[in-house]
Amino acid sequence: VDISVGKSILPIWVEAPVINKEAHTITFAGGIPNGYCGRVQGDPNLTNTIVELVFRAPGLQVGGGAARSKAHISFGEGTMAYLNDGRGTKAPLQTYGADLALADTIGSEIKDPWGGQVADDTISPEPFSISLEHDATTFNGKYYIVFNTTDKQTGLSHYEVIEETPADSSLFRFGAASAPWVEARSPYVLKDQSLQSVVRVRSVDKAGNTYVAAFVPDPALRSSSFFSQTIILVAIGFTILVACGVIFWLLRKRRRIQSASSRSNELVNKDVVIDEITEQL
């Protein structure tokens, strides 16, 4: 019914554990930097745990009648492990299955230790940082981010990403219920390749506790396309200002010409009137 990697020795997951209920399978792939050297001698804890699988018998309770059926758990033929020798050499692997005995009658007590762990978990996932990556051979040369963290209690549920553009950003906008968070996994290709947006990644554990990490791209890494667009916008704005200035100057000059012409007409009219008076005299 669930999987927990909170106590796993693997901090890196190439493929996070996934339950396929129709096929009755669980698949996962992960690794550990510098390799695994074996269980620590004298350590009472399970320092070799990779994943914890949570099983539940539907409709049945612990402590019922005699077991009449079994649930078999086994490893598929594709199960493999590789050595940390720099070449990824396939390691000798011996797997052990398990059988769960199922009673056919209802017991007197319901036991759900996993549900209790989830209900008691009030601690957020571990703090983490976001790394910006760029490689011409990866994701067609697009910018992408890498992130990873752990939750030591019930384990992580998923990650969510939000990219806040300068036009949309506001104080604590990412905390609103309507914020457009997108469920994602690492590595994540950025939608805003101009690197103008503030990138936030939210980790969510099985109990719903969260931790939000933020990343502000370096202004020096902003793409040339953004600067080209900025230059074009500035040039357009400057051209509009110059055009407005020219139009204003032409209108003003035209008004001056009209004003001078009007005064000239007035003088001519006055001369005509004076001539007429002189003739009458």
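Because the structure is predicted, anything quoted here is derived from the model rather than measured. This chain uses plain numbering: 1 for the first residue, then up along the sequence.
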Let me check something: do I12 and L83 share a hydrophobic cluster, defined by ILVMFWY side-chain heavy atoms less than 4.5 Å apart, either directly or through other members?
no
If I take atom CZ from residue R200 and atom CD from residue E164, how far apart are they, to the nearest 0.5 angstrom?
4.5 Å
Euclidean distance, Y211 OH relative to E126 CD, rounded to 0.5 Å
10.0 Å
hydrophobic_cluster_shared for I73 and I3, side chain cutoff 4.5 Å
yes
Report yes if some heavy atom in the side chain of Y143 is under 4.5 Å from a heavy atom in the side chain of L132; otherwise report no.
yes
What distance do F28 atom CZ and S8 atom OG have between them, rounded to the nearest 0.5 Å?
8.5 Å
Check this for me: does any side-chain nitrogen of one of D2 and K206 sit under 4.0 Å from a carboxylate oxygen of the other?
yes
In one Ile/Leu/Val/Met/Phe/Trp/Tyr side-chain cluster, 4.5 Å: I50, L53:
yes
Given V201, V161, V146, the one that forms side-chain contact (heavy atoms from CB on, under 4.5 Å) with S186:
V146
Take atom CG of N140 as the centre, draw a 6.0 Å sphere, and report whether it contains more than 12 heavy atoms from other residues, nucleotides or ligands.
no
Apply side-chain hydrogen bond (donor to acceptor under 3.5 Å, both in side chains) to residues T79 and E77 and explain how you reach the verdict.
CA-CA 6 Å; T79 303; E77 297 179 356; over 6 Å; no
Audit row: Y188, Y144, ring-ring contact (aromatic ring centres under 6.0 Å, His included) steps and yes/no
CA-CA 5 Å; Y188 175 81; Y144 63 95; over 10 Å; no
For a quick check under 3.5 Å, do Q196 and T165 share a side-chain donor-acceptor pair by atom type?
no
Honestly curious: do V51 and F55 fall in one hydrophobic cluster under the side-chain, below-4.5 Å linking rule?
yes
Backbone N or O of G141 within a donor-acceptor pair of the H134 side chain at under 3.5 Å?
yes
From OG (S203) to CZ (F128), nearest 0.5 Å
4.5 Å
Donor-acceptor pair, E160 side chain versus A184 backbone, under 3.5 Å?
no
Between N20 (side chain only) and T25 (backbone N and O only), is there a donor and an acceptor less than 3.5 Å apart?
no
Path from I19 to L10 over hydrophobic side-chain contacts below 4.5 Å
yes
How would you list, by chain and number, every residue that makes a side-chain contact (heavy atoms from CB on, under 4.5 Å) with D120, sequence neighbours excluded?
none
Test side-chain contact (heavy atoms from CB on, under 4.5 Å), reference L156, set N148, V204, T149, output is T149
S157 side chain to D205 side chain, donor-acceptor N/O pair below 3.5 angstrom:
no
For D151, run the side-chain contact (heavy atoms from CB on, under 4.5 Å) check against V5, N209, D121, I123 and tell me which one passes.
D121
